[in-house]
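Notes to accompany the following structure.
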Amino acid sequence: MKEILKLGGILMLITAIAGGALSMVNSITKPKIELQKRLALERALLKALPTADSDAIIPVETNGQKYYKGYESPDTTGLVGYAFVAKGKGYSSEIETMVGIDTTGAITGTSILHQVETPGLGTKIEEVTYGEEKPWFQQQFMDRTWEELKLDKDGGDINSITGATISSRAVTSSIREGLKELENELGGFNN
Amino acid sequence: MSLFKEFFKGFYDENPVFRLALGLCPALAVSNSVQNAVGMGAAATFVLLCSNFIVSLIRKGVPKKIRIPIYIVVIATFVTIVDLAMAGFAPDLHKSLGIFVPLIVVNCVILGRAEAFAGKNNVLYSLFDGLGMGIGFTLALTVVGVVRELLGDGKLWGIPIMGANFEPVLLFILPPGAFLTLGLFLGLFNWIDSRMKK
Amino acid sequence: MFKKLSFRGGVHPPEKKELSENKPIEKMPPPSMVIIPVIQHIGAPAEPCVEVGESVKVGQKIAEPKAFVSVPSHASISGTVKSIDKMAHPVGGKVLSIVIEGDGNDDMLPDIKQIPDYMQQSVEEMRDRIKQAGIAGMGGAAFPTHVKLSPPAGKPIDKLILNGAECEPYLTSDARLMLEHPNEIIEGMKIFMKILDCHDAYIGIENNKPEAIRIFQKLAKEAGNNFQVIGLNVKYPQGAEKQLIKAITNRDVPAGGLPMDVGCLVQNVGTAKAVYEAVSSNKPFYERVVSVTGEGIQETKNVLVRVGTTFGELIEFCGGLKDDALKIINGGPMMGIAQFAMDVPVIKGTSGIVVLSEKQSKLPAPQPCIGCARCVDSCPMSLMPNYLAALVEHKRFDDAHKNGVLDCIECGCCSYVCPSKIRHVHLFKFGKLEVNKKLKSAA
Amino acid sequence: MENKLFVSSSPHITDKESIPKIMYGVTLSLVPAFIGAIYFFGIQSLWVVLVGVLSAVATEGVIQKLMKKPITITDGSAILTGVLLAFNVPAEVPLWIPAVGSMFAIAVGKIPFGGLGYNPMNPALLGRAFLLASWPTHMTIFKTAPTGGTLSGIDAITNATPLNVYRQAKDAIANQATLPAENVQEAYNAMSQLSDSYWNLFTGKIGGCLGETSVLLLLIGAVYLIYKRYISLKIPLSYIVTVALLTWIFGGTEGLFSGDPIFHVLSGGLMLGAFYMATDMVTSPVTYKGRIYFGIGCGILTVVIRLVGGYPEGVSYSILLMNLTVPLIDRYTKPKIFGEVKQK
Amino acid sequence: MEFQNLMIIAISAIFINNFVLTRFLGICPYIGVSKNLDSAVGMGFAVVFVMTLASMATWLIDTFLLRPTSSNIFYIIFNAKEPPDLLYLKTIAFILVIASLVQFVEMVIQKMSPALYRSLGIYLPLITTNCAILGVTLLNLDNAYSFIESIVHGFAAGIGFTLALLLMAGIRERLELAPIPNAMRGIPIAFIMAGLMSIAFLGFSGLKIG
Ligand SMILES: Cc1cc2nc3c(=O)[nH]c(=O)nc-3n(C[C@H](O)[C@H](O)[C@H](O)COP(=O)(O)O)c2cc1C
Ligand SMILES: Cc1cc2nc3c(=O)[nH]c(=O)nc-3n(C[C@H](O)[C@H](O)[C@H](O)COP(=O)(O)O)c2cc1C
Ligand SMILES: Cc1cc2nc3c(=O)[nH]c(=O)nc-3n(C[C@H](O)[C@H](O)[C@H](O)COP(=O)(O)O)c2cc1C
Ligand SMILES: Cc1cc2nc3c(=O)[nH]c(=O)nc-3n(C[C@H](O)[C@H](O)[C@H](O)CO)c2cc1C
Ligand code: SF4
Ligand code: SF4
Ligand code: SF4
Ligand code: SF4
Ligand code: FES
């Protein structure tokens, strides 16, 4: 019994030392990690709303709807558009896309936040052709409104990725549905 | 001379993955690209080095009966440090390695070295052993990663190098490709070994 | 619904009976010399009771059994004992054998004569005559018949089955016997029934011998309703004891058990005739019918031949070998044993000598098993020959034992059907040997 | 004379079948379907099959030569693997596709396990699965419309396989709330047209992999195989019946028992799979019951993949998956030894 | 709906994202204990058991000790201003929990059922350092599964592991009898086989349930 207590004590001691060391490390890295998270979101928002000021994209939460409003200048004047996260079931994951639109409802930019599709197939939704800057698949959405968001396979004119229709459809449809909802929420775009 | 040996044995003779068949799970899971492989290798090497250091330092004072839990605590501590640091400074890598970073805790290479080497040798030797083994582990992951990324994606370190007409063999970056590549490498090294013995 | 009289598995090799089935039994004159091994049966060897130089008569006992499961041997020609030595045996190896040089007189022992009212003898007397006559089963395994006729008290026999299946390709000795000596067979059967106090008898005959079936049906009518003739599907190994019992009585002899465990006794038709002769006229087992057949023999025949005659002399009697003859088999082509030389003697269990031509003799080299399942489908014992063969090949005898290698009856169906030409039976014989060795050393 | 006698152990006779005979027999039985493929999809079918076979044979020969093992390319099994692999790709694939597929089939699926008879999984199907995973675009695009017909009336998608059309229509009907009305109407039309296409499905005048489309021609070969006893009906029958039953129960768009079993039985690779690939003796169970369970298992998995899986067709994967279970099936369906009394 | 959700989690963990074949977790026991079917069955049971228990235990630890919520025990006991965020301790906490859990289970089984202990006992210590167990708990946390979801996921992951292990064991028993080239014998051929198995399991990818 005494031995067990002794051994337990040693283990406790070591664990405590470890815990202490870790809390120190944690205090250093925590702000860094949070910063990274914020930066990632900020980057995505800026891709979606390239004309907005990085400090003037404001989250809005109404009943059930969550979106962002982007302004031209830091003092939140000059509304340039909205951004929201579209979610759709892809081939092997839920694909989350940050979508930005201008005030007329036309897409100004997109950025995939999360996807675990098949490498080389579904991941082509983020593929950047060599020498280009932006992913070719998402570039097709630029300046479209939700009525124009339809894959070739579904009778529209957005080229789907060969071999990855499911992922292509997931992105396209989720953006279209999201846009429709946002339009309802805002009571229509001004065009 | 023998420090030298402790250092280099992990490269080939006692390569943890190819010869000792240890650390196979990460060798499969994160070898789909060279970047991931090197990242994981570096993380594991750091943990290996640190845990070998601490373990060989405290080995005289550790009661035999609870040495394994103590080693695990030591290892888990360094793993957490790596995990936190990676999340803070290399978020993309952290994301693509996923849960395999915390899983370094149960990586048998590390516990294995603590138990088989650091628990029995002095600090200097243990450091060299840890470093050699870590580099050996990294090398192995990288070799598998090179094959998989090259064939499966036509790239190395994310740079396309197989030419525009190459149609990548997707299977190699899919899970089956990991098993097949590693299996073929293990067979290849067995074969080389039997050849050299002859 | 009409129940098919058959068993699971089995194969249909070419029958080849036409080579010899129409050849009436011919009596071969006594040979100049005979070689009589002291063991021609399952059980303990008998001990020679004559000396070199002694002169013997036909039917004289020359080796005496020293155990219950054993039978005596008798001189099959008259002459002098030339040597008692180890000699080649058709079942393999070398066995102590008594060589008699004939004097050409063919002198019979005087007490071989018809016994009046032989059916009136007591059961003990009958059994003793069978034992003294040296009768061992003629269906192949040569098990001492008097032993089979002494079932232990707790195991009464209620069904006697005469085995006239003769399912091995080529062989026709039983068929000829049934055509030419049906009455003796029936008398033998009656003796069995009396000894066993059994009232139900069957004779199983494959449907490819319609003539024999007809003859026995006629006799059955005369014999009364406790004797039935059963026409069996033509399928090898229809004549194997357990399969025959299954087909006729639908009883399953337990694995590792004996027919008497399910109240049955199976006797070959030739055995029945030999038993009749022993009980009715005291005639010892010194001659039998042998089919000499196959593509490699000049003249196929069914021969009544003295036990101990060498294969060479018997084959000479049938015109000799053809030029392309390459393989000589003691027994049929499915279970028989290939001979190294022709100086081995005909023994009590030799039902036929099949000579195969060069083209037939050499079997293709085995290839890997492709899992076609033909062997599994054909195994009458419901074993998995493919798996067993692999186990034996890898010397995993314990696993082979667990998977029933000892239950294999060595019928050869598996090897026959195997497209990869795997030599299962060869492996199983080896496997059984090893398993039995282990069992013995464990006991 | 005496010493020239040949001795071997019993039995001394064997039946006339041999591995090459069986393999070439099966290859022969595929000739009708092969000729059909050339008719339906043009001369390119010939090249695809030729390349598949040559690559399989060459791979086997070269590896065996390198390993200094006996070369067994004449036993016909590699040829058959090559043919079956080629039958499992679209006719218009670039020729390196069957070449690489056969190579994988033999070099990874067969030789490492010890060659003929020891491979746990069907090599040709492994080759196909490898191609499908590696170059899905080549493997799922059917450019060539078959000579003489297609699904009646669905002109817009002449080259789609019937199961693809079925899948898309079914998805559309299931999600009709979110789709434009004309798409839904189209889907309903497609559904009913599928049922009108039995004759084309039966004769093979439809899109699909090179050798899988013609039920008629495959059945002709299958009859020959059954006659020669190279295959037994246990696996194909239990497989097809299971597919028919399950698709009838679950395959419809109007609740249970509204499916179209005839359509499902006639389309896709079911016939090729059931008669030629699930029956591969090396990779199927040897026991009587085992073969039936195997067929049922294949059927269930095929229907699961067809109805809710990621692919329109599930035959290849279901056979591969069932291949994995063969040792377990054999083990648990071992026949009771004659006269064996259950112990314990 | 709740049930359907659990179904999806289960089917996904067993077939689509099989722990061994697509997530590469638990490779060592998968290769090491698959030479013989009987021990594979034992190992399978042990893993299912421990995975389920570990999922339960770590969910509780996570929810009541580590996570900065109002139900955090430290928050309640010490009456702190703000719930402490101890998530960074998850690795160390989970591995200790699993290790003690395995110890505890071993002791309990030994007491309660010596027969079960004889068949499972030797596998239990192996499990402590099995990444599949730690992996399942980390995945529960990553996916923010509820208590019930965690249990189902742990159980199903164990079943998926067992399935792959049993199939592999059956095949390897058969491969014992095959003339595998010397260099490929043992682990290399097991990996090739795992690769082929994983190819077959691609058939389940994209399965849509519910
Ligand atoms: C291994 C594998 C992974 C796949 N991954 C994806 C994927 O990530 N995204 C996707 O849309 N389809 C994926 N698919 C599905 C097929 O490619 C499917 O045929 C395709 O989505 C249909 O597109 P198509 O109409 O262009 O042929 C995958 C298929 C396989 C075999
Ligand atoms: C050790 C042994 C004991 C036997 N005892 C009996 C017996 O008591 N009663 C019986 O009817 N048969 C007995 N037999 C004979 C067998 O049932 C069987 O007839 C004999 O082995 C020949 O069978 P076969 O010609 O089918 O190979 C015995 C056989 C052996 C090997
Ligand atoms: C595969 C096989 C086939 C057999 N075929 C016959 C047969 O056709 N006729 C026969 O009398 N005995 C045949 N036997 C032997 C019988 O099983 C049995 O031993 C014999 O009929 C018993 O009679 P006996 O003691 O009078 O020889 C066969 C044995 C085996 C193993
Ligand atoms: C009826 C039958 C079906 C066969 N099916 C296949 C098959 O689907 N795929 C294949 O690669 N080989 C097949 N083979 C050939 C052979 O069994 C195959 O090459 C082995 O699996 C290789 O060891 C078949 C052979 C037969 C007799
Ligand atoms: S669990 Fe440990 S022993 Fe097993 S492969 Fe992973 S690192 Fe190696
Ligand atoms: S030769 Fe063999 S199989 Fe034929 S009847 Fe005689 S014992 Fe039976
Ligand atoms: S020889 Fe043995 S294993 Fe082969 S079929 Fe006959 S009883 Fe079965
Ligand atoms: S018959 Fe021959 S090839 Fe067929 S399963 Fe049996 S052993 Fe294998
Ligand atoms: S079980 Fe995954 S690392 Fe060992």
Side-chain angles (χ1 to χ4, degrees), chain B residues 17-19 21 24 27-34 36 96 140 143-156 158 160-198, chain D residues 55 59 62-69 85 88-90 92-115 118-141 310-311 316-317 320-321 323-324:
Chain B
V17 177
F18 291 142
R19 309 313 314 279
L24 294 171
L28 293 166
V30 299
S31 59
N32 53 352
S33 78
V34 181
N36 283 352
S96 66
V143 170
V144 179
V146 166
V147 172
R148 291 184 66 195
E149 189 178 352
L150 203 59
L151 293 179
D153 207 11
K155 297 178 185 161
L156 269 189
I161 62 164
M162 292 292 273
N165 288 329
F166 177 73
E167 301 193 38
V169 194
L170 282 186
L171 189 86
F172 278 94
I173 37 173
L174 295 176
F179 287 111
L180 292 177
T181 312
L182 196 52
L184 289 173
F185 268 118
L186 289 168
L188 179 71
F189 283 110
N190 271 350
W191 182 75
I192 293 176
D193 208 40
S194 71
R195 263 309 168 89
M196 293 206 305
K197 278 202 191 106
K198 256 192 228 153
Chain D
S55 163
T59 308
V62 167
I63 296 182
Q64 286 174 334
K65 178 105 194 158
L66 288 179
M67 297 201 315
K68 302 194 180 69
K69 291 255 170 80
L85 178 99
N88 268 297
V89 300
E92 63 277 3
V93 287
L95 288 180
W96 58 265
I97 285 268
V100 177
S102 283
M103 223 184 283
F104 185 88
I106 301 286
V108 180
K110 181 172 170 188
I111 302 286
F113 297 96
Y118 299 101
N119 49 307
M121 295 165 79
N122 190 319
L125 286 177
L126 276 174
R128 173 186 154 81
F130 164 69
L131 294 174
L132 189 60
S134 294
W135 299 282
T137 43
H138 287 302
M139 292 294 290
T140 52
I141 290 178
Y311 307 88
S316 323
Y317 283 112
L320 285 174
L321 286 164
N323 284 164
L324 297 174

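Below, read A as the first sequence line, B as the second, and so on, with proteins coming before strands; counting in each chain starts at 1.
- With a 4.5 Å cut-off on non-hydrogen atoms, P168(B) touches chain D through its backbone but not through its side chain.
- Contact between P136(D) and L170(B) at its shortest, heavy atoms only, is CD-CD1, 3.9 Å.
- In this structure, A133(D) and L171(B) approach most closely via the heavy-atom pair CB-CD1, 3.7 Å.
- Of the atoms belonging to L184(B), not a single heavy atom falls under 4.5 Å from chain D.
- Crowding of K65(D) atom NZ: a count of heavy atoms from other residues, nucleotides or ligands under 6.0 Å not exceeding 12.
- Neither the backbone nor the side chain of V100(D) comes within less than 4.5 Å of any heavy atom of chain B.
- Looking only at side-chain heavy atoms (C-beta outward), F130(D) and L180(B) stay at 4.5 Å or farther from each other.
- Among residues two or more places apart in sequence or in another chain, the ring-ring contact (aromatic ring centres under 6.0 Å, His included) test is passed with F113(D) by none.
- Contact between W96(D) and E167(B) at its shortest, heavy atoms only, is CZ2-OE2, 3.6 Å.
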